[in-house]
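Sharing a structure with you now.
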Amino acid sequence: MAIRFRLMRNVIRNDKNYGKYYARTVKNTEINLEDIELEIQENCTAKASDVRLVIKELYETIRRAMQNGHVVNMGELGKMYIAVTSKPVDTPDEFLTSKNITGFRCKYIPFGKRYGTACGDKARKIRRFLTEGCKANKSV
């Protein structure tokens, strides 16, 4: 299966690429946790209920670690951490946590490795393993 896309025209008048076309991903249906559990059950000896138990505990463990300020490194899945969003102030003395912290965001960095300098035009770019093997098909 390939990643489907359709061409969309840029309609933002102030944009330097106004009127040009670009690819926009067309998403397939959503897969839920139950679908994942059943697929894992088909591929190994673990039952779907075992998978659910482990996933729930994994979630709680990751959540607790991130809320304690840790970066959670999930190996080939990538890294996750919580970042704060805030309103700016002119001096550090003006900053009040209750007033200036506006929220939190969950950040995700997919696993990757930097290409070496001998890789030509790819040199110094990051190779993301989750996207390796992707193919694109134009949607009708």
Side-chain angles (χ1 to χ4, degrees):
M1 190 96 205
I3 305 295
R4 295 180 322 151
F5 70 93
R6 71 171 45 114
L7 293 178
M8 303 291 289
R9 188 170 188 210
N10 183 342
V11 294
I12 302 170
R13 291 198 182 273
N14 296 338
D15 193 313
K16 66 180 180 178
N17 292 317
Y18 172 73
K20 295 184 180 180
Y21 290 84
Y22 58 94
R24 176 69 74 202
T25 304
V26 175
K27 296 171 190 76
N28 285 329
T29 59
E30 186 174 287
I31 300 177
N32 63 29
L33 186 56
E34 187 176 322
D35 297 329
I36 293 170
E37 292 165 1
L38 292 172
E39 186 168 337
I40 291 172
Q41 178 176 278
E42 289 176 14
N43 294 329
C44 69
T45 58
K47 291 185 177 183
S49 58
D50 299 328
V51 175
R52 172 157 299 237
L53 176 74
V54 171
I55 289 174
K56 280 186 171 186
E57 189 55 37
L58 177 64
Y59 166 78
E60 288 299 328
T61 303
I62 289 171
R63 180 175 179 258
R64 194 169 35 258
M66 287 176 29
Q67 288 187 2
N68 284 319
H70 296 284
V71 175
V72 178
N73 186 336
M74 296 289 295
E76 292 177 351
L77 281 177
K79 297 178 182 181
M80 297 173 273
Y81 63 96
I82 293 176
V84 298
T85 56
S86 67
K87 295 178 187 174
V89 294
D90 293 325
T91 66
D93 292 335
E94 295 177 58
F95 193 91
L96 297 172
T97 302
S98 60
K99 179 181 173 187
N100 296 97
I101 298 292
T102 58
F104 301 93
R105 290 185 177 187
C106 184
K107 298 288 193 159
Y108 169 71
I109 304 166
F111 175 75
K113 290 194 176 182
R114 199 168 292 280
Y115 286 101
T117 55
C119 292
D121 60 341
K122 291 183 179 181
R124 300 172 48 104
K125 291 184 179 175
I126 297 176
R127 174 181 167 198
R128 300 288 182 198
F129 293 91
L130 280 174
T131 60
E132 278 194 357
C134 279
K135 297 186 181 351
N137 281 347
K138 188 174 177 184
S139 185
V140 180

Sub-3.5 Å donor-acceptor pair from the side chain of Arg24 to the main-chain atoms of Arg6, do we have one?
-> no
Donor-acceptor pairs under 3.5 angstrom involving side-chain atoms of residues 33-44: please list them, not counting sequence neighbours.
unit_1, atom_1, unit_2, atom_2, d
Asp35, OD2, Asn32, N, 3.2
Glu37, OE1, Arg52, NE, 3.4
Glu37, OE2, Arg52, NE, 2.5
Glu37, OE2, Arg52, NH2, 3.0
Gln41, OE1, Ala48, N, 2.6
Asn43, ND2, Glu39, O, 3.1

From the list Ile62, Val71, Ile109, side chain to side chain contact (heavy atoms under 4.5 Å, CB included) partner of Met80 resolves to Ile62
Same hydrophobic cluster for Met74 and Ile55, using side-chain heavy-atom links shorter than 4.5 Å among ILVMFWY?
-> no
Linked, directly or transitively: Val51 and Leu58 (ILVMFWY side chains, under 4.5 Å) | no
So which pairs with a foot in residues 117-140 pass ring pair (Phe, Tyr, Trp, His ring centres under 6.0 Å), sequence neighbours left out?
-> Phe111-Phe129
Might you point out which heavy atoms bring Asn10 and Tyr18 nearest each other, and give the distance in Å?
-> O-CD1, 3.6 Å
Worked verdict on Val54 versus Asp50 for side-chain contact (heavy atoms from CB on, under 4.5 Å) = CA-CA 6 Å; Val54 171; Asp50 299 328; 5.6 Å; no
Please name the pair of heavy atoms, one in Phe5 and one in Ala23, separated by the smallest distance, quoted to 0.1 Å.
-> CD1-CB, 3.7 Å
Set of ring pair (Phe, Tyr, Trp, His ring centres under 6.0 Å) partners for Tyr115, sequence neighbours left out = none
Side-chain donor-acceptor pairs of residues 93-102 under 3.5 Å, sequence neighbours excluded:
unit_1, atom_1, unit_2, atom_2, d
Glu94, OE2, Thr91, N, 3.2
Glu94, OE2, Thr91, OG1, 3.1
Asn100, OD1, Leu96, N, 2.9
Thr102, OG1, Thr85, O, 3.1
Thr102, OG1, Thr85, OG1, 3.0

Which pairs with one or both residues in residues 50-81 pass ring pair (Phe, Tyr, Trp, His ring centres under 6.0 Å), sequence neighbours excluded?
-> none
Under 3.5 Å, sequence neighbours excluded: what are the donor-acceptor pairs made by side chains of residues 120-127?
unit_1, atom_1, unit_2, atom_2, d
Arg127, NE, Glu132, OE2, 2.2
Arg127, NH2, Glu132, OE1, 3.3
Arg127, NH2, Glu132, OE2, 3.0

So how far is it from Ile3 CD1 to Asn28 CG, rounded to the nearest 0.5 Å?
-> 8.0 Å
Mind listing the closest non-hydrogen atom pair of Gly112 and Arg128 along with its distance?
-> N-NH1, 3.9 Å
Do Tyr21 and Met8 belong together in a cluster built from hydrophobic side chains that touch within less than 4.5 Å?
-> no
Might you point out which heavy atoms bring Arg9 and Gly19 nearest each other, and give the distance in Å?
-> NE-O, 3.2 Å
Looking only at heavy atoms, the pair that brings Glu76 and Leu130 closest together is O-CG, 4.4 Å
Neighbour count >12 (heavy atoms, 6.0 Å) for atom CG, Leu7 | yes
Give a yes or no on this: more than 12 heavy atoms of other residues, nucleotides or ligands lie within 6.0 Å of atom CD of Glu60.
-> yes
